[in-house]
Amino acid sequence: MSAVVGQDHTPAMATIFARLASLALLLPFCFASPAASSSASLPGSTARVAGLNAVGKAAGKLYFGTATNANEFQDDAVYGAIINNTRQFGQITPANAMKWEYTEPNPGNFTFEDGDVIRDLARNNGQLLRGHNCVWYQQLPDWITNGTFTYHEMIDIVENHCGTLVGHYKGEVYAWDVINESLNDDGTFRENVFYNATGSDYIPAALRAARAADPHAKLYINDYGIEGTGNKSTALQNLVRELKSEGVPIDGVGIQCHLTVGQLPTGLLENFHDFGQLGVEFAVTELDMAIQGNVTADALEQQKQDYATVVSACLSVPACVGVTVWDFTDKYGWITNGHADIWDDNLQKKPAFDGVVLGFESH
Ligand code: G3I
């Protein structure tokens with residue numbers, strides 16, 4: 001009986017499947033914008049792909065992700081629909097909500113409400129979460145910035161902050177930027193409030209406290225200015241080797257990649273390969289690409305090529321696990337007037353979107 005039904009219905013089903021297939025082929029054309037609506041003469045994305053995370057995972061990476069702030073997806077439905085689309089984004093980073101000034105505004109007084117909103121977004125969507133960050137010299141509460149602390153007091157403060165923060169999100173964070181921007185451009189240690197009290201000892205203290213609080217989270221040191229070869233990259237690589245040799249828990253390096261269109265650092269690919277030799281993973285953690293000057297068709301095309309170059313460099317090194325953009329739209333990007341992101345002010349895809357696809361499909 002079922003065989004007869006199957007025979008009777010096979011032609012009809014085939015027709016339906018054929019129609020669905022052709023619809024599926026057409027759908028991406030509906031969503032790919034031919035031109036940025038804010039600047040109708042400029043080209044938009046021509047990509048025919050379903051999503052950047054889907055393409056990145058197909059290329060063998062763990063995720064393609066974005067940073068975000070809660071008001072952006074809570075107040076902006078169009079933005080919300082994009083960030084909730086796991087074919088676009090498989091990973092979320094709080095751009096601000098987990099930083100010290102918000103999570104421990106007064107000594108020992110922790111507030112996780114803002115961070116929890118970002119955590120809930122990732123959790124509800126099944127997206128990986130990167131924690132950002134435990135120890136940074138910016139966005140600190142006044143009690144840290146204006147305080148005077150002995151060596152032991154500061155070690156206790158760092159351990160308590162990292163342990164409590166990482167512990168609150170135990171089991172929910174793929175990787176933590178435990179240490180953020182600890183080096184100067186010449187590769188020496190930055191003389192921040194933590195260094196001034198403890199020398200570089202706050203770094204292993206923070207990493208150990210984070211490991212104890214969540215043994216399964218990957219622990220990263222994250223920095224900018226380490227995209228190309230040079231003193232700072234060498235210094236960070238040496239720091240990772242030293243930490244490893246001393247048995248300090250360190251699992252990864254975040255290469256931020258806040259870059260300028262047409263000015264990619266020299267030795268970027270070689271440098272990514274060097275980081276790949278360290279025996280830890282690494283990730284592009286804060287990618288954006290600021291345009292200097294007018295937003296011309298040429299500038300957008302160069303931006304596309306530069307996005308492709310960075311993503312392709314990650315693709316070529318197995319230790320590079322994924323790429324995160326530091327928000328995905330010029331509407332909310334932190335660089336005023338840089339038009340640094342892959343969707344424009346009107347939440348239309350730019351050529352840079354295609355650049356990410358090109359990068360992931362470059363091998
Ligand atoms: O929280 C206050 C709010 O109370 C106030 O009403 C408002 C008025 O301007 O300011 C809010 O603080 C702002 C905060 O972002 C949250 O929106 C700060 O002024 C603003 O300076 C801050 O900027 C952040 C910046 O870090 C601080 O250095 C950016 O959003 C954030 O994207 C950026 O992220 C950093 C990474 O953490 C580390 N790597 C570099 C990257 C870009 O600078």
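Note that these values count all heavy atoms, side chains included, but never hydrogens, waters or copies made by symmetry. Counting starts at 1 for both ligands and their atoms, in listed order.
If you check the gamma sulfurs of Cys314 and Cys320, they are less than 2.5 Å from each other.
Remark: the backbone N or O of Asp354 is not paired with any side-chain donor or acceptor of Lys349 at under 3.5 angstrom.
Close to ligand 1: Tyr102, with a non-hydrogen atom less than 4.0 angstrom away. The shortest heavy-atom distance from Glu101 to ligand 1 is not under 4.0 Å.
Ring pair Trp136/His132 is tilted by interplanar angle, where 30° to 60° counts as tilted. Ring orientation note: the planes of Phe89 and Phe64 are close to parallel, at an angle under 30° on the 30°/60° scale. Ring geometry for His161 versus Trp100: interplanar angle under 30°, hence parallel rather than tilted (30 to 60°).
Checking atom 38 (C) of ligand 1 against the protein gives a heavy-atom contact under 4.0 Å. Protein heavy atoms are found inside the 4.0 Å sphere centred on atom 42 (C) of ligand 1. Note that atom 9 (O) of ligand 1 has no protein non-hydrogen atoms nearby, at separations under 4.0 angstrom. Less than 4.0 angstrom separates atom 20 (C) of ligand 1 from none of the non-hydrogen atoms of the protein. For atom 1 (O) of ligand 1, the nearest protein heavy atom lies closer than 4.0 Å. At a distance under 4.0 Å, no protein heavy atom can be found next to atom 6 (O) of ligand 1. Checking atom 25 (C) of ligand 1 against the protein gives a heavy-atom contact under 4.0 Å.
Against a heavy-atom cut-off of under 4.0 Å, Glu181 is close to the following atoms of ligand 1: 38 (C), 39 (N), 40 (C). Of all the atoms in ligand 1, the ones that sit under 4.0 Å from a non-hydrogen atom of Gln256 are 39 (N), 40 (C). For ligand 1, the atoms sitting less than 4.0 Å from at least one non-hydrogen atom of Asn180 are 38 (C), numbered in the order shown with element in parentheses. Every atom of ligand 1 is numbered from 1 in the order shown, and the set under 4.0 Å from a heavy atom of Glu286 is 36 (C), 38 (C), 39 (N), 40 (C), 41 (C). Contact atoms of ligand 1 toward Trp326: 31 (C), 32 (O), 33 (C), 34 (O), 35 (C), 36 (C), 37 (O), 41 (C) (distance under 4.0 Å to a heavy atom of the residue).
Gln138 OE1, 2.8 Å is the protein heavy atom nearest to atom 28 (O) of ligand 1. With hydrogens left out, the protein atom closest to atom 33 (C) of ligand 1 is Lys99 NZ, 3.7 Å, a heavy atom. Closest protein heavy atom to atom 18 (C) of ligand 1: Gln139 NE2, 5.0 Å. Closest to atom 36 (C) of ligand 1, if we only count protein heavy atoms, is His132 NE2, 3.4 Å.
Taking the six-membered ring for Trp and the full ring otherwise, the centers of Tyr195 and Tyr137 sit at least 6.0 Å from each other. For Phe328 and Tyr79, the ring centers sit closer than 6.0 Å to each other.
When Asp177, Asn71, Asn96 are ranked by how near their heavy atoms come to atom 23 (O) of ligand 1, first place goes to Asn96.
For CD of Gln74, the number of neighbouring non-hydrogen atoms (other residues, nucleotides, ligands) closer than 6.0 Å is greater than 12.
Between Leu140 and Glu101, every side-chain heavy-atom pair lies at or beyond the 4.5 Å cut-off. For the pair Gln256 and Thr285, the minimum side-chain heavy-atom distance is below 4.5 Å.
Under the salt bridge (Lys or Arg N to Asp or Glu O under 4.0 Å) criterion, Asp120 pairs with Arg123, not counting sequence neighbours.
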_Does Phe112 form a ring-ring contact (aromatic ring centres under 6.0 Å, His included) with His168? I'd like the steps, not just the answer._
CA-CA 8 Å; Phe112 297 115; His168 178 78; 3.9 Å; yes
